[in-house]
Structures are given as C-alpha cells and as structure tokens.
Amino acid sequence: MTYELDKIYDPASNEDKIYKRWEESGLFNPDNLSLSKDSPSYTIVLPPPNITDKLHMGHAATLAIEDLLIRYHRLRGFRTLWLPGTDHAAIATQNVVEKKILKESGKTRQDLGREKFLEEVWKFLRVTQGEILHQSRKMGASLDWSRLAFTLDEPRQLAVRTMFKEMYDEGVIYRGERVVNWCPRCHSTLADDEVEYKEKVGKLYTFKYDHDFPLPISTTRPETKLGDVAVAVNPKDRRYHEYIGKDFKVDFCGQTLQIKIIADHNVDPEFGTGALGVTPAHSAVDAQMAINNNLPVIKVIDEDGKISGGFGAYSGLDVDSAREKIVLELRARGLLISEEEINNNLSVCYRCGTPIEPLPSRQWFISVDKKIPRLGNKSLKEKAMAVALDGQIKFLPDRFTKRYLDWMDNLHDWCISRQIWFGHQIPVWYRGEEIYVGLDAPDGNDWQQDPDTLDTWFSSGMWTFSTLGWPVNYQKGQKIGDLAQFHPTQVLETGYEIITLWVSRMIMMSLFALNEIPFSQVYLHGMILDQNGKKMSKSKGNGINPLDMIAKFGTDATRLAVLTGSTPGNDSRFSEDKVEAKRNFINKLWNISRFILATTGEKFLATRAEYRPAPKTAADSWIIGELDSLITRISSHLDNLNFSLAAEDLHDFTWNKLADWYLEIAKFERNKEEVLVYLLKNVLKLWHPFIPFVTENIWQSFNDSLLMVEKWPQGTGVSDNNQKIVKDAQIISLTISLIQKIRDARAKHKIEPTRKISAVIYAHSLADELVGQDILFKNLRTGIDGLRIIKEGEKIKDAIYILDGEVEVYLIGAIDAGQEKRRLAKEQANLEKLIAGQSQKISNPDFTDRAPAHIVDIEKNKLSVYQAELDKILKIMGTL
RNA sequence: GGGCUCGUAGCUCAGUUGGUUAGAGCGCUACGUUGACAUCGUAGAGGUCACAGGUUCGAAUCCUGUCGGGCCCACCA
C-alpha cells in the first residue's frame, strides 16, 4: 500500500467530503461519543446569529474560536456539546423584511396586515436560515445539529411564556406607565441600551415663554415646550432664588401653560441661562423632576412623531415643522433672545437610526430592583453583580468585568414590550379590566391577547437553558435530561459590544429561572475590521464574505487567519494577504505529511498513535523532547484560551523545527520511520482543532478512524529525564546553528576550509541513552562533518581523536557550575590572552596540538550569546 | 464629565506575573531551487518599544505626567 498525496493541497475538493463524513458519524452529538459515564461535560451554546442576513467575518471568528474549543475538548475526552441555533431578532428582522417588501411591492406592513406580513417574514426567514446553516457547515463547525434551536420555535415559545408567567407571579414583571424610548419609525419602544448616541450640531434657542415671565430658558427642542409644567433652577443659583416655589400662567405661542418654578440640583447653572424648562412627557430627567414635585405630565408628541391634538395650529405637525413654526412665532413676538449652534448628543434608534422620542407610555417592565424571595431576597441586579464579584463568572479579558459591573449598577427597569409584530406575543390576555397571564389563552370569550411582542433579548437571554429543554427538563426545582447534563455551560464566547444587550440578560434570566449561572467564563473577542481598520459593514461595502475566502483559500486558512494575530477583547484587522499566508502554511503541513508518508511504510503507520518510540540519535531525542514540551505548552495555552499564542507556537514547531531541521536530518539518517510517524500523528492532533479539514484529510489517508475523536496527546515535559533531553537537545541544536554561522562567515571572508568542522558537546546532564553515540549530521545545510557527545568523566581529547581527521573548531558546552565550568573558564581566559596577543598557545595540553581551539559555554541556551564568541573565532582564523 | 484601551520593524500584530543583545507573518534586498513543498529554500537589511520623569541591580513590561488614536458609559436641557 502506498500513501500518495497530491503535490499541492486542494481544500475545495476535500472539505465537503470530510464534513459529510463527520456529520454522518453522528459524533457531533455527545450522546454518541464513546465515553465513560463520569466524563465531565463541556458545553458551549452558539450565540445564535440573527436571521436577518448571511454570516459575516465576525460570525466566522465566533465559529472558528468555538469550534477550536469544542474540538480540543472532544479530543480531551469531554462530553462535548456545541449547540447551534438562530435568533429571530424581532425588530431587526421586521425592519429588514419591511424594507424588502417596500422595495419589491411598494407596500408597508400596515398595507399587508399582521397575518400576511408575518407570512412574508417566515418566508424570508427560511431562506436566510438555510444560508446561515450552510455557511456554518462550510466553516467546519462541529455543531450538534440534532439539537438545533430557534429563539421562536415551539419549545422556546413555551419557555418564554413560562418565564413570563413565573416572573409575573413573582412580581418581577409589571405593567406601568412611564417615559420610554420611542422610535417613531419602528413604531415601538426600545430598551435604554438599544438607544445609540450621535454627535450632531444642533441649535440652542434661548427665549422667554412670554413677556411677563421673568426667566429666559434655553432648549434645543422648542416644540416640546408646549408640554412644559415647570422651570427648574439650581437651588444654589442666587439669580433665581426669589422665584423658587412661585407659579406662573403664561401664554406660550398661543398655548396657555401653568409653570411652577422648582429647584433641582441636576440643573447646571453654567448651561444656557441656568433655567430649564421642564417637560415631563419627553425627557426622562424631567419626568423624575415632575414626580418629585408632584407635577402633571402633558404629552405633546405622539407615537408617530407628530404633535398631538389639543395644541391648536401645532397639532398634527411633525416635530421639525412644529419647531420651525414655534421659533418663527417667538421671533415675531420678540421673545427669542438668541440662537447658537451647539454640539448635541442626539439619541437614535440602534436599528434604523431614527431620532428617539422619549414619551410616556404604558408598557411591560422587568424590575431589576425587586427583592425576590427565591433568590434569597436579593434583586436581579444584586444577584447578577454578585456572581461576577465573587468570581463565579469570569470575564476574559478581565477589564470587562468592570464594564459589566458598572453597567449593571446603573441599570434601570427593563422595558420588555415592543409594538412590533414579529416576535413572542406577550402571553397576557385582557377582558375589560380583567388581566390573565398564562401559557395559553384563558377559557371564555372576549379575551383579547396583548398585541405587543417581547423584546428579542428576552428570549435570547434564556438561550443557555431554553435550548437545553427548560422548562420541561426542570421538575420541582430539579434539573433533568440535557439540562442536568449540560447546564451551566462552560464558556460564552461573543463580541464585547454585546455584553450589556445579551450577556447581562442571560445572567439575570438564568439566575431567575434556575438560580444558577448560565456559564462560568465569558470570552470576548474583538471586532474583525477591514484592512484599513474600519468596521466592516454592508452599507460601506467593505465586508468580506467568509465563503469567498473559503472558496479562494480553503476553510482551514480562513479559520487560522481569524484565530491568529489577535488577543481577546482587541479588534483585529483582516486582510486577504493574511489568509494567503495561512494557506501557504497549510500547504507546508500537507507537504511535511506527504514526505513522511512517502518515506515510511504501512508497518510504521499502523502503530498506535500513543506509541512513543525510543530515540536513537541526538536528533531524535531533541525533536521528541521538543514535541513533549510543545504538547504541554499547547494544552496550557488552550486551557487558558490563548489561541493565538498556541497557533504561533505550533507554527514555529511545525515549520522551523520539524520541517527545517528534523526532516532535513531524516534525509540523511536512517531508521527514522518510527519517530517520523510519531511526530506526524501528534502534530496532526495538535493542529486539528485549528485546521480540522486538512488534518483529518491527512489522517484519513492512512487511518480508518476519525482524527476528530482521537485522544489528545499527553505532554511529558515535566519528567526530569525528559527535561535533560530537551536541554541537551537544545544545546545540540544551538551548536549546529553556530557551526553553520562559522562556516558561512568563513565563506564570506573567503577563508579556505582546510579542515573539517566538528563539534564536541560536553553535556554532563545528558540522558544516558545519548551518551557515547556518534552522531553524524552529514547534512549539507548544517555543514557539520562530525559531532560527538561525551559525558562527565570522558576526556575531551579522546573524543576529538574519535572524530575523523583534523578538527578546526571544538565547541564544548558545559551545563552546570562546578569543576567543569571552572576548567572551561580557565580555557576561556587563555583564549582571551591568545586573542590579545599575550599568549601564543592555549595552555591545556588537550588542545595544544590542534589549533585553533575554542570553548564556548552554552549554558544559557541562546544562540545570540554566540555572536561575540563568533567574532573572536573569526579573529583567530583571520590571523592564521 | 467619568471610565476603559491602544501607541513595538515599511504594514498587520505577538511579547504570560520585570530578567541576557525585543519576536512572528507579510513586504523588501541578494542568492538559490529538476526528488516533500516556488503555496519553496538560504542569507540579509530594517526598531531611541510615542515622549518625559520615577521605582529597581535590571523596564517594552510597574508608577506619574504629556502628546496622539479608538471605544464605552452618563439625566448637558
């Protein structure tokens, strides 16, 4: 049987085949893994991508990182579950479909009606969902498709309704009227953290309500002043002290207002006139002031962003026109004192960019401050902060812990009702004044279900446990089935921009439902930016579709490109060049394997992967030792989620040690098959979590089993003997490098090589199996003609004689302090004298008959220390 | 206003509790390559680690300040 691989690796013709074999094996499902009963579980739930669009590079990064963790733990023998799903993304999806319909047929959602519109949404959804699942497979994601979930499917609907009811019964969910963030375009409320801020130049108008009113006020929104009920000043502001507590009746542009002068420390005396017109209906701060002072709320702007009825000529105007009209009127009446341009922080909808109107509305809320008996009389906020403070949940990088805590600390009650159609309809039914909250419609006629839907984050907040069968798998406070086996999960891996929107909600929801954390670690990756450091976005057209990269360079290269050169929490740039470099590496690995498979036979390839061959030469010891410590390091890097470092380390070993050194040596030394096979199998295992396709592909060329479920190698880098081997092997390697430098330097200086270059390595810590062997690196690239390793007690002189012919340079490495080192130091001193012209010969008789000799103490294991020594040697050679 | 973060080779970035003469990939220069690999090899050039102080035997790393990017939060009307 021969093992022939193509000269160049072709991902396109192999990846789909491999994925099919994995998927058909059923081993993505942890229930099918052959494991002992007490194997620990390892769970990640995939952050469900929105079904609004195809996956972008950010998703590709998520998939690459999580698949890496999953494959690593599967190899380590964990009961490994990676649970896939998608997110209905209520408001986002609705917007996308609305736009689509408008573009295609010119119709609005109102034209279609709720039922018809939702049909369109589901139609759209099936298409994008299909694309997303296809892309995930192309990425090589080893997701357990048998557990595929959707935030709006039947089991999740049951979960959401159950959660709503439980929270309602506990008094955590309540209905209330208050100022909320309203998007006039989406025609819906938004949570506080769904509001974004944009710096914009606005106009600050300073004016008086009417000529009799003593205090001029400043505002950027004169139209809202129609709803003013007070003017607030800072209690410390002397200018206005006398007015505090007084009432005025003013004629503001034809509308009669009752204005009370109040004091509030939130008013900045430096800003504008230091007097603030209080509009309780359209500002959260003002609303608070109104509550404090027992003032009425007058709603000026309606849900369409227009002035509501009862304001005369202004009613029905949109805010911009109303503002214009009011400013004109003020100017005409001679009340306008000044207009100046200022930088304003405009709040806009995070979905459509429309300016937000704060307005009073009756909505459903989740209380974050209510003490909950089942949580030990702690509130959701307190509990969610506690689990981060006591380290039950760790953030990586750690600095995000602070961000999370700060945000949590400032959290207000969460408005969860949305006036959109696509989503979980609120499980509340009304009949007159009656309210019913339950899983299904109550018996009896005339019950009307609340038409609103829930904030999309309500269902995605339940993701870790709703996907594992809650509430069915939660009986009388006991977890059963998947929920018992896989919850809490281990790692949540996601983007840092979503900590507040999602991560915090998941923590609160899980604490409420199960009184346990949803995950113990939060790994936050940075954003993938384009090569100019700009955020990839559809509108800018600078996005890269992962599928294009996969088609061009293969999945493995694409994965490796997003896994390396980045650190958690920091953004990283992505460019095609990077993927190309990774493709080149993968081809290198392919060719390394090709070489090994071609030079070994079936007999050797059939050995068990765990079989560890005994080293026969120094080179064997060196490379095996290197691999040992490599395994230990890679395992530790992966355990610490240091993906980039792990990949770099592996890359260095594979290319610079295995390919550049050991394979070159293997071309000239015999009996390398066992070691080569051992190296290959281990390298494939180590690389598999990063680049699953190519490694599995190579593995399959000489195995029937799947690499995906092999056993992760154990590093033995800690054993004493092994440490010795590694250390000595390093010395050998360094010595070879030095000799090479000498040879090249000699060539450069045109010094004729009259003698052979050999090395004697004096390594008294050397492991027994290496001592006394002649190792001939007859390798043109190293330029070494002979190498002899001796042990303490052996005479260097004897060693030299064993080496054939004349020897030009002796390099002697001593490792520990003591007699040998002192002796070497003496030689060193003699050498210095020789160079300085103070002596003609080296005193040690061992060396006198063979000049020039040189001693190098290579204890420090670093090539750079040779540079100075090298210069000295060249000096000596130059004087010959 | 508060907080976080970054500044290291031409470019993109590593640098794990402070430790010899700071690394990688890409790019660049020179030479080479018919037998694992041109998706390759060998060698090389290129860095006052933003700046200024301080702590230390020793600082890219710790502290203070300055300059310059980026981000988050907040009730500037």
Side-chain angles (χ1 to χ4, degrees), chain A residues 5 7-9 192-193 197 202 204-205 217-221 224-225 232 264 266-268 270-279 282-289 342-345 358 397 399-400 402-403 406-407 409-410 412 496-497 499-500 526-527 529 531-533 535 553-554 557 561 564-567 569-578 580-599 633 636-637 640 642 644-645 647-649 651-652 655-656 659-660 663-664 666-667 740-741 744 747-748 780-781 860-868:
Chain A
L5 301 178
K7 197 167 173 180
I8 288 169
Y9 175 59
D192 290 345
D193 45 308
Y197 295 91
L204 183 69
Y205 302 93
I217 58 164
S218 297
T219 183
T220 51
R221 301 202 56 189
T224 64
K225 301 291 108 182
D264 194 294
N266 281 314
V267 179
D268 177 3
E270 304 292 315
F271 189 92
T273 59
L276 163 71
V278 179
T279 321
H282 302 291
S283 155
V285 202
D286 293 12
Q288 194 55 49
M289 289 186 195
I342 59 157
N343 278 329
N344 205 5
N345 236 359
R399 62 184 139 96
F400 286 105
K402 190 174 151 47
R403 193 188 278 193
D406 283 351
W407 186 81
D409 200 25
N410 290 321
H412 301 298
Y496 61 79
E497 72 278 4
I499 295 176
T500 53
M527 272 189 301
L529 308 173
Q531 55 186 334
N532 299 318
K535 204 168 162 176
F553 301 106
T564 54
S566 65
T567 40
N570 291 332
D571 299 345
S572 65
R573 300 186 188 197
F574 184 88
S575 67
E576 208 172 300
D577 292 351
K578 198 168 168 185
E580 192 179 351
K582 300 303 168 192
R583 190 269 318 266
N584 293 354
F585 169 76
I586 282 156
N587 193 58
K588 184 76 181 180
L589 178 63
W590 176 261
N591 271 290
I592 289 167
S593 310
R594 196 157 81 96
F595 174 77
I596 294 178
L597 293 178
T599 52
R633 287 199 309 276
S636 135
H637 287 153
N640 295 320
N642 261 325
S644 193
L645 213 53
E648 257 175 56
D649 208 348
H651 180 279
D652 178 60
W655 204 315
N656 301 332
D660 288 353
L663 291 193
E664 294 302 328
K667 288 176 184 170
Q740 194 178 350
K741 274 188 186 294
D744 294 339
K748 201 173 174 182
L780 294 176
R781 278 179 44 200
K860 285 170 182 164
N861 290 352
K862 204 160 180 190
L863 188 57
S864 58
V865 304
Y866 289 126
Q867 196 55 52

Colleague: If you look at every strand shown and take non-hydrogen atoms under 4.0 Å, does A:Val267 touch a base, only sugar-phosphate, or nothing?
Modeller: base
Colleague: Pick base, sugar-phosphate or nothing for A:Thr219, based on heavy-atom distances below 4.0 Å to the nucleic acid.
Modeller: sugar-phosphate
Colleague: What distance, rounded to whole Å, do you find between the two C1' atoms, one in B:rU8 and one in B:rC49?
Modeller: 4 Å
Colleague: Nearest to the A:Arg573 side chain among B:rC13, B:rU16, B:rA36, which nucleotide is it?
Modeller: B:rC13
Colleague: Among B:rU42, B:rA36, B:rA77, find the nucleotide with the atom closest to the side chain of A:Ile342.
Modeller: B:rA77
Colleague: What does A:Lys578 touch in the nucleic acid at a heavy-atom separation under 4.0 angstrom: a base, only the sugar-phosphate, or nothing?
Modeller: nothing
Colleague: Select base, sugar-phosphate, or nothing to describe what A:Arg399 touches, counting heavy atoms under 4.0 Å on all strands.
Modeller: sugar-phosphate
Colleague: Can you tell me, in whole Å, how much space there is between the P of B:rA50 and that of B:rA59?
Modeller: 15 Å
Colleague: Answer with base, sugar-phosphate or nothing: what part of the nucleic acid does A:Ala581 contact at a heavy-atom distance below 4.0 Å?
Modeller: sugar-phosphate
Colleague: So does A:Thr279 get a side-chain nitrogen or oxygen closer than 4.0 Å to the phosphate oxygens (OP1/OP2) of B:rA77?
Modeller: no
Colleague: Could you please name the partner base of B:rA77, counting Watson-Crick and G-U wobble pairs only when both distances are under 3.5 Å?
Modeller: none
Colleague: At under 4.0 Å between heavy atoms, what does A:Gly565 touch on the DNA or RNA strands: base, sugar-phosphate, or nothing?
Modeller: sugar-phosphate
Colleague: Taking B:rC37 as the reference, what is the distance to B:rG41 when you measure between their P atoms (whole Å, please)?
Modeller: 12 Å
Colleague: What integer number of Å spans the C1' atoms of B:rA74 and B:rG3?
Modeller: 11 Å
Colleague: Base, sugar-phosphate, or nothing: which does A:Ile217 touch, judged by heavy atoms less than 4.0 Å apart?
Modeller: nothing
Colleague: Find the partner of B:rC26: check Watson-Crick (N1-N3 plus N6-O4 or O6-N4) and G-U wobble (N1-O2, O6-N3) distances, both under 3.5 Å, and reply none if neither fits.
Modeller: B:rG10
Colleague: Under 4.0 angstrom, heavy atoms only, what part of the nucleic acid is A:Lys7 near: base, sugar-phosphate, or nothing?
Modeller: sugar-phosphate
Colleague: From the list B:rC75, B:rU39, B:rU12, which nucleotide is the closest neighbour of the side chain of A:Asn266?
Modeller: B:rC75
Colleague: Counting only Watson-Crick pairs (N1-N3 plus N6-O4 or O6-N4) and G-U wobbles (N1-O2, O6-N3), all under 3.5 Å, who is the partner of B:rC51?
Modeller: B:rG65
